[in-house]
Asks: 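The structure under discussion is supplied below as C-alpha cells; questions concerning it will follow.
Within every chain, numbering begins at 1; the chains are lettered A, B, ... in the order of the sequence lines, protein sequences first and strands thereafter.
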Amino acid sequence: MLDIQQLRKDLNTVVEGLARRGFAFDKELFMKEETRRKELQTRKEDLQAQKNRLAKEYGALMAKGQATEAQALRLQSTEIGEQLADCEAEYIAVDGVLSGFLRTIPNIPRAEVPQGKDAEENVKVREWGTPKTFDFVVKDHVDIGTGLGGLDFDTAAKLSGARFSVLKGNMARLHRAIAQFMLNTHTMEHGYTEVYVPYMVSDVSADGVSSLAKFKEDLFKIEGRDLYLIPTSEYPVTNFVRDEILKHEDLPLKFACHSPCFRSEAGSYGKDTRGMIRQHQFDKVEIVQIVHPEKSAEAHEELVGHAETILKKLELPYRTMLLCTGDMGFSSAKTYDLEVWLPAQNAYREISSCSNFEAFQARRMMARFKNAQGKTELLHTLNGSGLAVGRTLVAILENYQNADGSVTVPTALVPYMGGVSKLEAVK
RNA sequence: GGAGGUGUGGCCGAGCGGUUUAAGGCACUGGUCUUGAAAACCAGCGAUGGCGUGAGUCAUCCGUGAGUUCGAAUCUCACCGCCUCCGCCA
C-alpha cells in the first residue's frame, strides 16, 4: 500500500512512478473520493465532539437535579445522533471505496529500476559459471528422472492430476538433501533464524503481503474457511511482524523457512506443462528480512548474495537479472531474479526472485518499529527464494547428467546424501 | 464434540454506566546525585487519523462486529483467539 500522505502531497510523482510500471492511476477518481472523504470525516468528528459535549453537560445537570434542562439537551443530542448516523454511513461507504482502491495499487519502482514492459527488457547484472559442454545428447530432467525411476509423473497424475510429481528413492532423498543444505547454509553461515510455519494463512495475512482482491485466483482456498494454502512462506513469515511495534535494536530480523508452496497456476495453461518446472505444489526455502528503512537497499544486495551462494556451492551456472518495471511483482520496489542454466532448454530459467518491498507491505500490515528517537516508523520488508527446491533438483539433474543416464551428486550435497555420490536407477 | 474461565497501552495489571483526560507497576527517555556506573529521587512516556506554521487541538481505539443508553472499557447479543477440565484422536 502506498502512503496516503504522499498521494495527497505529491500525487504527480506517484502517478509518474506508477506509469513507469504500466499502471494507470485514476487521478480524478482518487481526488474526488479523497476530497469527499475528508469533508465527511471533518463533519463526522465535529458532530461527535458536539455529542460528547452534550452528554457531559447532561450528566452535570442531572447531578444537580435539573431534569427539565437536561431533557432539552437530550432531545438535541438525539437530533445530532441522527445527523451523525447519516454522515457516518456515507463516510464508511466513501472510505471503503477509497481504501479498497488504495490496496489494489502496486508499489512504485525505485529510480534505478530499468523501464520496460516485460521480461524481455530485464537487465543482466552479472553472470557466474560457464555452462558445461556435453559430448553426448543431453536429456531433460523428465527423461533423466523417469529413466532412473526416481521421478514418476504418471502416479502423480493418478493421485492428483496434472502439475504434481512423485519422487522415489534417492531422487526423493536428493530433494530432501537440497532443502536441508539450503536451510543449513542460511542458518549457519548467513545468520538467519530457522522457522516452521502454518501452510495455511488467513485472508488478512494474505492481503498483508500482496493484494488478495487482485490475486485470489492464484491461490488455493480452503472450502468453507477463510484460509488459503500459502503460495510461498513469505506469506506466513512476513506476517510475523503484522500489527507489531519492534524495538530498533532488535533489527534486522532474518528468517529462513522451508515449506511447500501451493499455486493454482491459473492463467499459465500450456506453459511448462512438462516436468517439475511449474507445479501446483513445490518446496522452497525462503529467506526473509525485516529491516530498518535506511538499511533495505543494502540488505537487498546482501540477500541476493545469500541466494547466489547456494548456486555457487552447487556449482550451477546462473545469471542475476534486474527486473524491469513491467516485470516486477505487485508489492515490489525492486527485484532481482536468479536464473539457472538448464542444458536441455539451452536457456537460463528463473530459480529465485529476491525483492525489496520497502514500506509497501509494512504499511499494509502495520509493521512498525520505534526508532532511536522514540518515534514509530514503518519497517522495510524483503524476501527471496533461497532457492526453489524443485527447480534446483531439475537444474542438478540436467547439469550433472552423465552419458550412461546416471547423475552425479554435487559435492556439497554428498554429506546430505549419506555419502551417496551418484544417482543410479531406482530398484 | 461437552463444561467452565478469560481477552485492557511495548509488557504486567486495576477499573465492571458519568472528572477515565484508562490507576499502579515494569521497561524506556531526560535530569539530579556520582570519578564512572548502579541505587535512590524528580520529570517525561500509547496508537491511528483530522485541523493548525506552531504551542496545540479534535476524533477514534480496552479481542472483532452489531446493539442498548443523553453517555459504554464497563450492560446485551454474535463471532474470533487463548486457558483449564472431560471426551475423541496422530
Side-chain angles (χ1 to χ4, degrees), chain A residues 1-9 30-31 33-103 196-208 212 222 224-228 236 239-251 253 290 292 359-379:
Chain A
M1 193 159 66
L2 300 180
D3 182 6
I4 183 87
Q5 304 292 346
Q6 196 196 352
L7 279 167
R8 284 200 280 256
K9 282 189 209 125
F30 171 76
M31 301 231 283
E33 296 295 331
E34 174 55 20
T35 309
R36 184 78 187 125
R37 190 198 62 77
K38 200 182 270 188
E39 273 171 26
L40 287 165
Q41 184 180 355
T42 311
R43 196 166 112 83
K44 178 172 79 90
E45 288 180 1
D46 185 53
L47 289 169
Q48 277 165 334
Q50 284 183 49
K51 208 156 181 277
N52 289 344
R53 209 176 47 241
L54 286 172
K56 211 168 237 179
E57 285 170 19
Y58 177 91
L61 286 174
M62 287 302 275
K64 280 190 275 180
Q66 297 173 297
T68 324
E69 291 87 339
Q71 187 62 17
L73 292 185
R74 203 165 105 181
L75 289 173
Q76 234 187 91
S77 181
T78 308
E79 197 182 308
I80 290 170
E82 281 164 15
Q83 288 177 47
L84 185 59
D86 289 347
C87 184
E88 227 159 22
E90 205 183 335
Y91 173 80
I92 288 165
V94 172
D95 188 57
V97 169
L98 202 60
S99 53
F101 171 70
L102 262 163
R103 288 188 86 83
Y196 169 84
V197 297
Y199 300 153
M200 300 175 208
V201 295
S202 67
D203 46 5
V204 176
S205 292
D207 201 57
L212 186 60
I222 306 300
R225 301 287 301 264
D226 274 333
L227 285 174
Y228 296 83
N239 272 283
F240 281 9
V241 294
R242 172 155 55 82
D243 293 322
E244 297 289 337
I245 301 176
L246 306 179
K247 294 180 188 155
H248 66 91
E249 59 265 33
D250 292 338
L251 300 174
L253 300 183
I290 312 290
H292 190 288
F360 189 84
Q361 293 181 327
R363 194 174 290 112
R364 296 185 145 244
M365 58 172 87
M366 292 287 273
R368 297 151 296 167
F369 73 104
K370 268 214 198 307
N371 66 22
Q373 289 72 45
K375 296 275 282 177
T376 34
E377 229 184 298
L378 291 167
L379 290 158

Asks: Any side-chain heavy atom of A:Leu84 within less than 4.5 Å of one from A:Tyr91?
Replies: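 Sidechains of A:Tyr91 and A:Leu84: no contact.
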Asks: Report which part of the nucleic acid A:Lys370 touches: base, sugar-phosphate, or nothing (heavy-atom distance under 4.0 Å, all strands).
Replies: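 Sugar-phosphate contact only.
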Asks: Which nucleotide in the list B:rU21, B:rC51, B:rU60 gets nearest to the side chain of A:Asn52?
Replies: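 Looking only at heavy atoms from C-beta outward on A:Asn52, the closest nucleotide is B:rU60.
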Asks: For the side chain of A:Tyr58, starting at C-beta, report the closest nucleotide among B:rG18, B:rG10, B:rA59.
Replies: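 The nucleotide sitting nearest to the side chain is B:rG18.
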Asks: Look only at the side chain of A:Asp226 and the backbone of A:Ser202, and say whether a donor-acceptor pair between them is shorter than 3.5 Å.
Replies: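 No, A:Asp226 side chain to A:Ser202 backbone: no donor-acceptor pair under 3.5 Å.
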Asks: Among B:rC70, B:rU48, B:rU60, which nucleotide has an atom closest to any side-chain atom of A:Ala55?
Replies: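 Selected nucleotide (nearest to the side chain): B:rC70.
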Asks: By the 4.0 Å heavy-atom rule, please label A:Asp46 as base, sugar-phosphate, or nothing.
Replies: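 Touches nothing.
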Asks: Would you indicate whether the side-chain heavy atoms of A:Arg43 and A:Gln83 approach each other to under 4.5 Å?
Replies: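 A:Gln83 vs A:Arg43: side chains touch.
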Asks: So if I take every side-chain heavy atom of A:Arg368 and compare against B:rA47, B:rU21, B:rA59, which nucleotide ends up nearest?
Replies: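 Among the listed nucleotides, the one closest to the side chain of A:Arg368 is B:rA47.
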Asks: Which part of the nucleic acid, if any, lies within contact of A:Met366, taking any heavy atom under 4.0 Å across all strands shown: a base, the sugar-phosphate backbone alone, or nothing?
Replies: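 A:Met366: backbone/sugar contact only, no base atoms under 4.0 Å.
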Asks: Using the C1' atoms only, state how far B:rA23 lies from B:rU74, rounded to an integer number of Å.
Replies: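 To the nearest whole Å, 15 Å.
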Asks: Rounding to an integer number of angstrom, what distance separates B:rG31 and B:rA39 when you compare their C1' atoms?
Replies: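 Straight-line distance between the two C1' atoms is 16 Å.
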Asks: Go nucleotide by nucleotide along RNA chain B from the 5' end; which of A:Gln50 and A:Arg225 gets its closest nucleotide reached first?
Replies: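 Between the two, 5'-proximity favours A:Gln50.
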Asks: Is it true that, when you exclude A:Glu79 itself, more than 12 heavy atoms of the residues, nucleotides or ligands shown sit nearer than 6.0 Å to its CD?
Replies: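 Incorrect, the count does not exceed 12.
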Asks: Using atom C1' of each nucleotide, how far apart are B:rU8 and B:rC62 to the nearest Å?
Replies: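 Nearest-Å result for B:rU8 against B:rC62 at atom C1': 4 Å.
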Asks: Is any side-chain heavy atom of A:Thr376 less than 4.5 Å from a side-chain heavy atom of A:Phe369?
Replies: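 A:Thr376 does not reach A:Phe369 side chain to side chain.
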Asks: Give A:Leu73 one of three labels, base, sugar-phosphate or nothing, depending on what nucleic acid heavy atoms sit under 4.0 Å from its own.
Replies: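 The residue A:Leu73 makes no contact with any strand.
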Asks: What contact category does A:Gln5 fall into here, base, sugar-phosphate, or nothing, at under 4.0 angstrom with non-hydrogen atoms?
Replies: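 Counting heavy atoms under 4.0 Å across all strands, the contact made by A:Gln5 is with sugar-phosphate only.
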Asks: Which one, B:rC51, B:rG49, B:rC70, comes nearest to the side chain of A:Lys38?
Replies: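 Looking only at side-chain atoms, A:Lys38 lies closest to B:rC51.
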Asks: For B:rG10 versus B:rC45, give the span between their C1' atoms, rounded off to a whole number of Å.
Replies: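 Comparing C1' positions in B:rG10 and B:rC45 gives a spacing of 11 Å.
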Asks: For nucleotides B:rG25 and B:rG46, find the distance between their P atoms and express it as a whole number of Å.
Replies: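 One P to the other, the span is 15 Å.
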Asks: Applying a 4.0 Å non-hydrogen cut-off, can you work out what A:Lys51 is touching in the nucleic acid: base, sugar-phosphate, or nothing?
Replies: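 Sugar-phosphate, backbone atoms only, no base.
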Asks: Taking atom C1' in both B:rG9 and B:rG1, compute the distance separating them and give it to the nearest angstrom.
Replies: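 Nearest-Å result for B:rG9 against B:rG1 at atom C1': 37 Å.
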Asks: Compare the minimum distances between each of B:rC51, B:rU48, B:rG10 and the side chain of A:Ile245, then state the nucleotide with the smallest one.
Replies: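 Within the option list, the nearest is B:rG10.
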Asks: In whole Å, I'd like the distance from the CG atom of A:Leu47 to the P atom of B:rG71.
Replies: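 Interatomic distance, CG of A:Leu47 to P of B:rG71: 14 Å.
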